[in-house]
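In what follows, a structure is listed as structure tokens, so that the remarks can point back to it.
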Amino acid sequence: MTAPRRQAALLAGGLVVVITAGLAAADVSPSTPWRHLYLLPVVLAGLRFGVAGGLMAAVGAVLAFGPFVLREIEGHGPTRAAAEGIVTLAVLALSGALVGSLAARARRQRERYETLRAVQRVLAAPAPLGRVAARLAAVLSRRLGVDTAGLVLDEGRMVAGADVLDPRSLAARVLVRREPVFVADAGTDVRPRRVVVVPLTSAGQTVGALAVERLGDVSREERDALVGVGAAVGLALDNARLVARQRRFAEELEHKVGAATARLAEMDRLKSGFVALASHELRTPLTALQGFSELLATRPFAPSEVRRFAEIMRGEIERLGRIVSDFLDLARLERGLAPAIRRAILDPAPLITGAVELFRRTRTTHRLELHVEGALPHVDADADALDRVLKNLIGNALKYSPPGSCVRVRARAVDGVIAVDVDDEGPGIPAEERARVFEPYYRVRETAALGPGTGLGLSVVRSLVEAHGGTVRADAAPGVGTRMTVILPALP
Amino acid sequence: MYAIARPWEPRPGGLLSGAPLPLLVALGVLTAGAGVLATAEAVPLTLAHALGAGGAQGALLATAVAWAAPRGGPAPALAAAIVLVGALGATLAPFGAAAYLAAPVWLWRQRARLPGLGLARASAGLVAAGAVLGALLGAHLLVTASLTLGYGVRAPALDVLAPWLAYDLGGNVLTTEAFVRGALFDRVQRRWPFGGAAALVTAVCLARYLVDPLLPHSLEVAAGAVFYLTLLSLGNCWLYWRSGSIVPGVVAAVAFFVAYRLLHVVS
């Protein structure tokens, strides 16, 4: 018993003794108005200790005042004073029970609200659900005035108040049946251990179970209140989960928006670079064309010299054509369209050999090796598109390899596909950038200075290969350099 | 935690399961037979009283022992026999009332084998509370009965009080508390709320005392018995509820009956 409760008990008992002593000393009749003073300790005990306290004080008052009434009856028979005394005894008994009952009910109601507030406070603190459940169990145990409280959440996967959930336990039974259970005695103690398990509900769903145990009585009112607490805790838990989920979603969204913004900024930067680069790329052949055409128009040249100028101009025009083709393909890609291809059944070997031979003739600064392993099966493909793919890859390999190095092209049939490797001995592509070289406008920073380019070639390659149902990837070549591998489905 | 971590199984058996029925029937026959013999004046009245009281109180203690002991505990028949021998000894031998003390001594020696009675685990505070409860009710009884109802209070002479004290301690109070609180209330409180359980066993307790032939047959005494025994029984239920032991209740009842024996109403 706490000190304030002990003081209240002593005060109530002391009042009964003092009032009785006063009445006895004054030798009053049972109808004396001073008899109403007994209501003081009775009401005090009822307010402080509830029904039990009110009744005990009432019994004490009845025991103390009873002899006055009995003496009146013994001495004078059933007089008016005796009747008033008997009524007083009844009023005292009723007052103790009534005041105690009302006080207990009000106290329980207040405790219920305070419990719900405490539950809300626990749930408001951001923490993992397991820790929240443990805190909730402790708060409920303290607030509900029980010996132990436990929670079962997530269909028994999370337990607070015990180590594990026994599948034959009362809590497991409540999770299945979704109805409160009251057991008058667990049979585990000298005193009866009352057990109440109620479902935690939210929107008609059972989200867990709340179990409380007490060595002592759990009244029907308390059990009904526990069902209400279970519903409130279930709802609060569900809300807390929703808030946590919303918070996670907001964080994920923020992360994604941040990544997208960064990507857009990067794209913007790349596009700006591309515009400058494209202008330069277009200007170079145009300048050459302008210069040679002016020379041819203003000065006489020998026929051999005119042919040489014409060859140069044709080369620049082809370069312009390639750049414009890349732009057109990119424009289609950005609109979400696949490149336009015209399929036909063809033998890939002559295409590969032709592309390699073309570069052998024009780029004599490098060695070009071709290995075609066995007979290649036919493919259903656009010959022009495949030619562009091969020339792009071989051209890149030559562009980024030092003069005198070797570029190897190897074609073979493997498990229903045709694989074409283009290996160079250049500086290679850092591992973290290999996936990005196929993005539009992207150029590897370390090798961008080694040759002109728009950053569109490989993205066009990938779109063309994928339009044929194939794949392309960049790897480190054995030893040094880069290996580009194109895989195309072969016809059976 | 029991509700979560342990398997739940419905309680086996009913409220009265495990009672030693053959023994109770035999003791019932003995008690009824004593009544018949007394009516027919076939045996001395004191002997018939001893047989009747010993049989009835033996039945109470035997039931308490049967319910309070786990399998392999003391034999209920032995408990009944000890009470019966105590009652006969008090009647037949000079200073024979001391034979009543055999029952509490035997129970105390068997306390480890009778966990349901809680003889070994009463807290000193609750034993003191029991003494205060019994003393208060007893004092109130003396004041009320002597000042208002005209019953005299006699001086506490040891030769008069000692046999009564032995009877109350070893027969009357002990067997009643063992059965009503240690057996019946212990079972009922595990099924019903405290209020309901206390009301039921208080009714049983009142019935036990009101049918006792030793209670003087007058309305005011019966009314007083109902009043005080109701309060005493409710108080003892609360003491057992808190302590799980019959010792505080025995102390309270003995204290009350000591006061009762001081009244001239007692024959």
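Keep in mind that what you see is a predicted model, and the values were worked out from it rather than measured. We name chains A, B, ... by the order of the sequence lines, and we start the count at 1 in each one.
For the side chain to side chain contact (heavy atoms under 4.5 Å, CB included) criterion with I4(B), the lone passing option out of D166(A), V152(A), V197(A) is V152(A).
The most heavy-atom pairs under 4.5 Å with chain A, out of L136(B), V143(B), L137(B), L231(B), come from L231(B). Annotation: maximal heavy-atom pairing with chain A below 4.5 Å, among G118(B), P193(B), G244(B), occurs at P193(B). Put simply, of L63(A), T148(A), V181(A), V59(A), the one with the most heavy-atom pairs under 4.5 Å next to chain B is L63(A). Among R173(A), M56(A), R168(A), the residue with the largest count of heavy-atom pairs under 4.5 Å with chain B is R168(A). Of the listed residues (S245(B), A5(B), P7(B)), the one with the most heavy-atom contacts under 4.5 Å to chain A is P7(B). If you tally non-hydrogen atom pairs under 4.5 Å between each of V190(A), V195(A), V174(A) and chain B, the highest count goes to V190(A). Across V159(A), D163(A), V183(A), the residue that shares the most heavy-atom pairs under 4.5 angstrom with chain B is V183(A).
Contact of I73(A) with chain B is not made at all, since no heavy-atom distance falls under 4.5 Å. For F227(B), the part sitting under 4.5 Å from any heavy atom of chain A is the side chain, from C-beta outward, and nothing else. At a 4.5 Å heavy-atom cutoff, the contact between V164(A) and chain B is made by backbone atoms alone. If you measure heavy-atom distances from A160(A) to chain B, the contacts under 4.5 Å come from the backbone alone. Proximity to chain B is absent for every atom of A52(A), based on heavy atoms less than 4.5 angstrom apart. Neither the backbone nor the side chain of R220(A) has a heavy atom closer than 4.5 Å to any heavy atom of chain B. Looking at D189(A), only its backbone comes within 4.5 Å of chain B, counting heavy atoms on both sides.
Other residues, nucleotides and ligands contribute only 12 or fewer heavy atoms inside 6.0 Å of the CZ atom of R242(B). Summarising the local packing, CH2 of W192(B) is surrounded by 12 or fewer heavy atoms from other residues, nucleotides or ligands at distances under 6.0 Å. Counting non-hydrogen atoms of other residues, nucleotides and ligands closer than 6.0 Å to CZ of R107(A) gives a total above 12.
Two residues are said to be in side-chain contact when any heavy atoms from C-beta on lie closer than 4.5 Å; Y2(B) and L170(A) meet this criterion. Counting heavy atoms from C-beta outward, R191(B) and P192(A) have side chains that stay 4.5 Å or more apart.
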Only distances under 3.5 Å count here; give the side-chain donor-acceptor pairs of residues 12-28 of chain A to other protein atoms, sequence neighbours excluded, each with its distance to 0.1 Å.
from: T20(A); atom 1: OG1; to: V16(A); atom 2: O; distance (Å): 2.6
from: T20(A); atom 1: OG1; to: Y38(A); atom 2: OH; distance (Å): 2.8
from: D27(A); atom 1: OD1; to: R71(A); atom 2: NH1; distance (Å): 3.4
from: D27(A); atom 1: OD1; to: R71(A); atom 2: NH2; distance (Å): 3.1

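Between D147(A) atom CG and M1(B) atom CE the span is 9.5 Å, to the nearest 0.5 Å.
A donor-acceptor pair under 3.5 Å is absent between the side-chain atoms of R191(A) and the main chain of S243(B), judged by distance alone.
Of all heavy-atom pairs spanning H140(B) and A64(A), the tightest one is NE2-N, 4.2 Å.
Within residues 206-219 of chain A, the residues that have a heavy atom under 4.5 Å from a heavy atom of chain B are A211(A), V212(A), E213(A), G216(A), D217(A), listed by number.
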